[in-house]
Amino acid sequence: MPNYIQLVNHNTALLAGMLVLPAGVAGAICGPLGGRMLDRVGARRPIMLGISACWVALLIFTLAARHLANPFIATVYVLYMAGMGTCMGSVMTSALRTLADNQQTEGNAILNTLQQFAGAVGTSLSAVVVAQSQTHLAGSQAYTTAVGTQNAFIMLMVFATVYFKVVK
């Protein structure tokens, strides 16, 4: 999102960071709320709610990717990160509950490593998709970045759909 804000909407890195900041706050707030929901009703509901919010946000971004205004980006990204905050802690807690007490430390380390790895892979794949469009499409950098971003959102929607189907 910061690259889109900078390259397509022609804003500064400072403004890009300020626009995505509320989404980070939303994710941080929704983590404990998802945990509270997990304690009350089990893991399924916060996981499904969170991944549904992420999927809806990705769908909105995909459909509008070539013309995302800054306030629109900030608003939809809040929905996305709120969904991530709601589901990710519940996924980890649910997975760790399946382990014996003497396996908790190793399980936690493995899950944190996998989360960082998956984030790095997702970010790298998205960057490759955007870069391919920037390199191989004709047009301005703003146009090719917008098209590449839309393609990256499509890829992320496929991943989210697969995840949604696996969890369901």
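Just so it is clear, the values below take in all heavy atoms, side chains as well, and ignore hydrogens, waters and symmetry mates.
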Report task. Among residues two or more places apart or on two chains, list those pairs meeting salt bridge (charged side-chain N to carboxylate O under 4.0 Å, His left out) that have a residue in residues 79-105. Result -> D39-R97
**Report entry** Flag, side chain of Q104 to backbone of L99, donor-acceptor distance under 3.5 Å
**Finding:** yes
Query - Minimum-distance pair of heavy atoms, taken over all atoms of T62 and M157 - result: OG1-SD, 3.5 Å
Report task. Measure the spacing between CG of L59 and CD1 of I154 and express it to the nearest 0.5 Å. Result -> 10.5 Å
Report task. Treat each ILVMFWY residue as a node, draw an edge where side-chain heavy atoms are under 4.5 Å apart, and state whether V20 and I60 are in one component. Result -> yes
Requested in this report: Look at the side-chain heavy atoms of Ile, Leu, Val, Met, Phe, Trp and Tyr, link any pair under 4.5 Å apart, and say whether V78 and Y4 land in one connected group.
Outcome: no
Report summary line: Rounded to the nearest 0.5 Å, the CZ atom of R36 sits from the CG atom of L38 at a distance of 12.5 Å
Report summary line: Nearest heavy-atom contact between L96 and N108 is CD2-N, 3.5 Å
Query - side chain to side chain donor-acceptor pair (under 3.5 Å) partners of T75, counting only residues at least two apart - result: none
Query - Under 3.5 Å: donor-acceptor pair, side chain of N151, backbone of V130 - result: no
Query - Side-chain touch M92/N112, heavy atoms, less than 4.5 angstrom - result: yes
Query raised in the report: So Q6 and N11, side chain to side chain contact (heavy atoms under 4.5 Å, CB included) or not? Walk me through it.
Result: CA-CA 5 Å; Q6 292 174 66; N11 295 124; 5.6 Å; no
Query raised in the report: If you take all heavy atoms of P32 and I29, which pair is closest and at what distance?
Result: CD-O, 3.2 Å
Query raised in the report: In terms of hydrophobic clustering (I, L, V, M, F, W, Y; side-chain heavy atoms under 4.5 Å; direct or indirect links), are M155 and M84 co-clustered?
Result: yes
Query - Euclidean distance, T86 OG1 relative to L49 CG, rounded to 0.5 Å - result: 5.5 Å
Report task. Grab the two heavy atoms, one from C87 and one from G50, that are nearest each other, plus how far apart they are. Result -> CB-CA, 3.9 Å
Report task. Would you kindly confirm whether I5 and L58 end up in one hydrophobic cluster when ILVMFWY residues are joined by side chain heavy atoms under 4.5 Å apart? Result -> yes
Query raised in the report: If you take all heavy atoms of A23 and Y77, which pair is closest and at what distance?
Result: CB-CD2, 3.2 Å
Report summary line: Tightest non-hydrogen contact, residues C30 and A82, listed as CB-O, 3.4 Å
Query raised in the report: OG of S140 to CG of L7: how many Å apart, nearest 0.5 Å?
Result: 10.5 Å
Report task. Please round to the nearest 0.5 Å and tell me the distance separating atom OG of S52 and atom CD1 of I47. Result -> 11.5 Å
Report task. Would you please test T12 and L15 for side chain to side chain contact (heavy atoms under 4.5 Å, CB included) and show each step? Result -> CA-CA 5 Å; T12 65; L15 181 62; 3.6 Å; yes
Query - Full working for side chain to side chain contact (heavy atoms under 4.5 Å, CB included) between V147 and Q134 - result: CA-CA 8 Å; V147 171; Q134 289 171 327; over 6 Å; no
Query - Main-chain N/O of A95 paired to T98 side chain as donor or acceptor, under 3.5 Å - result: yes
Query - Close side-chain approach of V8 and Q141, heavy atoms under 4.5 Å - result: no
Report summary line: Taken to the nearest 0.5 Å, the spacing of L79 CG from C54 SG works out to 7.5 Å
Query raised in the report: Is the side chain of T135 donor-acceptor paired with the backbone N or O of Q132 at a distance under 3.5 Å, no angle test?
Result: no
Report task. Could you give me the CA-CA distance, side-chain angles and deciding distance for L33 and M37, then say whether side chain to side chain contact (heavy atoms under 4.5 Å, CB included) is met? Result -> CA-CA 6 Å; L33 295 175; M37 190 183 305; over 6 Å; no
Query raised in the report: Are Y80 and F159 connected in the hydrophobic side-chain network, where two residues link if heavy atoms are under 4.5 Å apart?
Result: yes
Report summary line: By ring pair (Phe, Tyr, Trp, His ring centres under 6.0 Å), F61 pairs with (sequence neighbours left out) F153
